[in-house]
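Just so you know, these numbers come straight off a predicted model, no measurement behind them.
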Amino acid sequence: MAIGPDGKTVYTAVLGPGQVSVIDTSNNRVSSTISVGPPGTDPCNIEVTHQAVYVTEQAAGTLTVIDPKTNKVVATVTVGTSPYGVAVG
(Lines give C-alpha, C1' and ligand atoms only; values in the text may rest on other atoms or scores of the structure.)
Protein backbone atom coordinates (compact mmCIF):
# COMPACT_ATOMS: atom_id res chain seq x y z
CA MET A 1 0.00 0.00 0.00
CA ALA A 2 1.22 3.53 -0.76
CA ILE A 3 -0.20 7.00 -0.29
CA GLY A 4 -0.19 9.27 -3.34
CA PRO A 5 1.84 12.49 -3.15
CA ASP A 6 -1.34 14.57 -2.85
CA GLY A 7 -2.47 12.59 0.22
CA LYS A 8 -5.87 12.12 -1.39
CA THR A 9 -5.28 8.68 -2.88
CA VAL A 10 -4.09 5.34 -1.58
CA TYR A 11 -2.90 2.59 -3.90
CA THR A 12 -3.18 -0.96 -2.59
CA ALA A 13 -2.23 -4.31 -4.09
CA VAL A 14 -4.94 -6.94 -4.56
CA LEU A 15 -3.02 -10.23 -4.73
CA GLY A 16 -5.45 -12.83 -6.08
CA PRO A 17 -6.84 -11.07 -9.14
CA GLY A 18 -3.62 -9.16 -9.99
CA GLN A 19 -4.98 -5.67 -9.44
CA VAL A 20 -4.27 -2.37 -7.77
CA SER A 21 -7.16 -0.61 -6.08
CA VAL A 22 -7.16 3.18 -5.93
CA ILE A 23 -8.87 4.50 -2.80
CA ASP A 24 -10.19 8.05 -2.52
CA THR A 25 -9.37 9.20 1.02
CA SER A 26 -12.14 11.83 1.03
CA ASN A 27 -14.81 9.11 1.15
CA ASN A 28 -12.72 5.95 1.81
CA ARG A 29 -14.07 4.21 -1.29
CA VAL A 30 -12.40 2.46 -4.20
CA SER A 31 -12.43 4.95 -7.07
CA SER A 32 -10.62 2.78 -9.61
CA THR A 33 -9.30 -0.75 -10.07
CA ILE A 34 -6.29 -1.31 -12.31
CA SER A 35 -5.35 -4.71 -13.72
CA VAL A 36 -1.59 -5.31 -13.58
CA GLY A 37 -1.78 -8.83 -14.96
CA PRO A 38 -3.80 -12.02 -14.93
CA PRO A 39 -4.92 -13.69 -11.69
CA GLY A 40 -1.93 -15.03 -9.80
CA THR A 41 0.36 -12.16 -10.86
CA ASP A 42 0.67 -11.20 -7.17
CA PRO A 43 1.34 -7.47 -7.02
CA CYS A 44 3.13 -6.90 -3.73
CA ASN A 45 4.97 -3.56 -3.49
CA ILE A 46 3.96 -0.10 -4.59
CA GLU A 47 5.93 3.14 -4.84
CA VAL A 48 4.23 6.38 -5.87
CA THR A 49 5.72 9.58 -7.29
CA HIS A 50 4.08 12.58 -8.96
CA GLN A 51 4.88 11.04 -12.36
CA ALA A 52 4.18 7.32 -11.86
CA VAL A 53 2.98 4.46 -9.69
CA TYR A 54 5.42 1.53 -9.68
CA VAL A 55 4.13 -1.93 -8.79
CA THR A 56 6.17 -5.12 -8.50
CA GLU A 57 4.44 -8.41 -9.33
CA GLN A 58 6.12 -11.18 -7.35
CA ALA A 59 4.77 -14.23 -9.19
CA ALA A 60 5.14 -12.70 -12.66
CA GLY A 61 8.63 -11.24 -12.14
CA THR A 62 7.52 -7.90 -13.52
CA LEU A 63 7.31 -4.21 -12.68
CA THR A 64 4.25 -2.31 -13.89
CA VAL A 65 4.22 1.46 -14.35
CA ILE A 66 0.89 3.28 -13.98
CA ASP A 67 0.14 6.91 -14.89
CA PRO A 68 -1.42 8.38 -11.70
CA LYS A 69 -3.33 11.02 -13.69
CA THR A 70 -5.24 8.44 -15.76
CA ASN A 71 -4.75 5.24 -13.68
CA LYS A 72 -3.75 3.44 -16.86
CA VAL A 73 -0.85 1.01 -17.25
CA VAL A 74 1.84 2.63 -19.41
CA ALA A 75 4.52 -0.09 -19.24
CA THR A 76 5.29 -3.55 -17.90
CA VAL A 77 8.93 -4.56 -17.57
CA THR A 78 10.32 -8.04 -16.88
CA VAL A 79 12.73 -7.67 -13.95
CA GLY A 80 13.47 -11.22 -12.85
CA THR A 81 12.39 -13.75 -10.29
CA SER A 82 10.24 -12.66 -7.34
CA PRO A 83 10.73 -8.89 -7.09
CA TYR A 84 9.77 -8.09 -3.49
CA GLY A 85 10.51 -4.38 -3.43
CA VAL A 86 10.73 -1.19 -5.40
CA ALA A 87 12.54 2.05 -4.60
CA VAL A 88 12.45 5.18 -6.71
CA GLY A 89 14.94 7.96 -6.23
Minimal non-hydrogen separation, [X] against [Y], with atom names:
| X | Y | value |
| --- | --- | --- |
| P68 | N71 | O-OD1, 3.7 Å |
| P43 | A13 | O-CB, 3.4 Å |
| P5 | V48 | CD-CG1, 3.4 Å |
| K69 | H50 | NZ-O, 3.9 Å |
| G40 | A59 | O-CB, 3.0 Å |

Does [X] belong to the same Ile/Leu/Val/Met/Phe/Trp/Tyr cluster as [Y], with side-chain heavy atoms less than 4.5 Å apart forming each link?
| X | Y | answer |
| --- | --- | --- |
| I46 | M1 | no |
| V10 | V30 | yes |
| V88 | V74 | yes |

* To do: Rounded to the nearest 0.5 Å, what's the gap from CD on E57 to CG on L63? Could you check?
  => 7.0 Å

* Cluster partners of L15, using ILVMFWY side-chain heavy atoms under 4.5 angstrom, listed by chain and number? -> none

Min side-chain heavy-atom separation [X]-[Y] under 4.5 Å:
| X | Y | result |
| --- | --- | --- |
| V36 | I66 | yes |
| V53 | V20 | no |
| V86 | V55 | no |

* What pairs meet the side chain to side chain donor-acceptor pair (under 3.5 Å) rule with one or both residues in residues 24-39, with sequence neighbours excluded? -> D24-S26

* Residue pairs, two or more places apart or on separate chains, that pass side chain to side chain donor-acceptor pair (under 3.5 Å) and touch residues 1-12 -> D6-T9

